[in-house]
Amino acid sequence: MAQLGGTPILILKEGTERRKGREAQSGNIAAAKAVAESVRTTLGPKGMDKMIVDSMGDVTITNDGVTILKEMDIEHPAAKMMVEVAETQDDEVGDGTTTAVIFAGELLKGAEELIDQEIHPTVIAKGYKMASNKSKEILKDLAKDVSVDDRELLKKIAMTAIAGRGSEDKGNIAGLCVDATISVAEESDGELRCDTDKISVIKKVGGKVDDSELIEGMIIDKERVHSRMPKKIENAKISLLNDAIEVEKTEVSAEIQIKSPEQMQAFLDEEDKMLKEMVNKITSVGVNVLFCQKGIDDLAQHYLAKEGVLATRRVKKSDMEKLSRAIGAKTVTNIKDLSEKDLGKAGLVEERKVSGDSLIFVEKCKNPKSVSILLRGATDHVVNELERGVHDSLRVVGTVLEDGKFLPGGGAPETELSLRLREYASTVGGREQLAIESFAKALEVTPITLAENTGLDPIDVLVEMRSSHEKGNKSYGLDIYTGKAKDMLEEGVIEPLRIKTQAISAASEVATMILCIDDVISSKGGGPGAGGMPPGGMPPGGMPPGGMGGMGEED
Ligand code: ADP
Ligand code: MG
């Protein structure tokens, strides 16, 4: 801060809060570690659940890392950065969110110890970067190949992702997830792409989890508009219409003077005629099922019912898009333009009651590019948690199909990486060596936490895991049922390679970013968001990196 004739020049607004040096650093690290700590007990299939009650009193019960953190309403800016780790992980892979956050917390814990030994954050950052890059190489070597034909293997991957969510037996659900993902996989430029948004997941409380099913087509959460319409249509010719089957009201308020009953009748007849024409247009091209995104007039409903058409109205836009892919139809925006080539086909369209609600099933579609999963379960909470599990599972299968690579789970890759990184550290030497060693130690948080959450002694587990990896058993991880180290490939506990590479790089990037902040300036009353956290250099009076050393004692 500059000073003129003894008067300090204020460059910040009055009331601005500012924390510098070690104080800022340890505050941020503590907040980030607290976030990691908060999800720690949920890791793994035996992890505990959290019950989160929001300000409206809505209850969420889950052990999904990203869901917990999103629901928690976190305020501290550094803690928010940890939530972002989970969100990025969720966007990129769809699973491994808890792992990523816990690892980032552990990296910061290690960094704190190094800072106490007077190792500068930039050195730690460099060491972490080297370790993260090396980890990717090692993981690539460890990874095994999987192809789209290997359904059993894909099912195991789906099962690992869904383990511990909602219900015990997931074989059935995992199978549905694999089949659904495979049906939406598309090849483009020689690469497989799996857009799991094309899979719609419909939840209906009631029945058992095992009653969940995959529909080779779509389920629309709507019922027929008219009770006289048929409930079931085979060999359906389906029209998707984004136009109202109603008589348009004039935009300007016009007044029509009707002087005699005949005129009134003529007026009504005209409306009637227009609606009838619209219905005729629809049936003339052979439509027997109609999904309308807008409204259908009562009279038109009656005519459609008379013609034996099954129709629904106000179908969601997203459902229309998925329907279009499932049945190969084109959405038409003006009835007048409707022609036979816009129609889609399905072997069966049927309205069925599921737990008292009517749903329309569009099934037996030829080569559908959109499919649906109908999830069942005893209560809302079971079904919601199952849905989160299914989301992870679909994304994980999609990821592994796209990349074609998987790894053993149960802490196996982390243990292997930890050993190999320690070897690598000794070849690097210098202060970076300490940072790489700290990174290696942080990786062991996965097997340690899995052991803790299973009620095992983490030290015993770690020792056993390390010794089996030293003997060359690279895929040995924690068998949560016996507490022993076992071959995870044989146990079928397997995960996509991308879960680990993404978790490691996201966690180490965020940890370094938090580490390298030595000045926090937050404006008063701006709320935690306003203070934001511009990472890196801060212009006013920002501490030059070299000036860090003695900070602690001087304050
Ligand atoms: P995340 O949000 O990180 O995916 P999870 O609660 O899903 O957290 O736990 C994932 C961890 O649990 C991974 O390390 C995975 O390998 C491990 N895991 C999953 N199933 C098993 C199992 N049957 N035995 C041992 N470890 C398992
Ligand atoms: Mg998971």
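For the single chain, residues carry numbers from 1 onward in sequence order. Read the numbers this way: they start at 1 and go in the same order the structure lists the ligands and their atoms. As a basis for the values below, the full set of heavy atoms in this structure was taken, side chains included, without hydrogen atoms, waters or symmetry mates.
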List the closest protein heavy-atom neighbour of atom 20 (N) of ligand 1: residue, atom name, distance to the nearest 0.1 Å. P45 CG, 3.5 Å
Atom 2 (O) of ligand 1 sits nearest the protein heavy atom T98 OG1, 2.7 Å
With a 4.0 Å heavy-atom cut-off (strictly under), which part of [X] contacts ligand 1: side chain, backbone, both or neither?
{"X": "V493", "result": "side chain"}
{"X": "T42", "result": "backbone"}
{"X": "L478", "result": "backbone"}
{"X": "E491", "result": "neither"}

Going by the atom numbers of ligand 1, which of them fall below 4.0 Å from some non-hydrogen atom of T99? 1 (P), 3 (O)
Can you name the atoms of ligand 1, numbered from 1 with element, that are less than 4.0 Å from a heavy atom of L43? 3 (O), 6 (O), 8 (O), 9 (O)
Of L69, T97, D90, the residue whose pairing with D64 passes side-chain contact (heavy atoms from CB on, under 4.5 Å): T97
Ion pair E414/K500, N-O distance below 4.0 Å: yes
Can E321 and K317 be counted as an ion pair, charged N to O under 4.0 angstrom? yes
Look at the N, O or S atoms of D392, main chain and side chain alike, and state whether any lies under 2.8 Å from the Mg ion (ligand 2). no
Nearest non-hydrogen atom to atom 4 (O) of ligand 1 belongs to which of I102, V93, D95? D95
G410, A451, G94: member with heavy atom nearest to atom 26 (N) of ligand 1: G410
What are the two closest non-hydrogen atoms of I52 and I68, and how far apart are they? CD1-CA, 3.7 Å
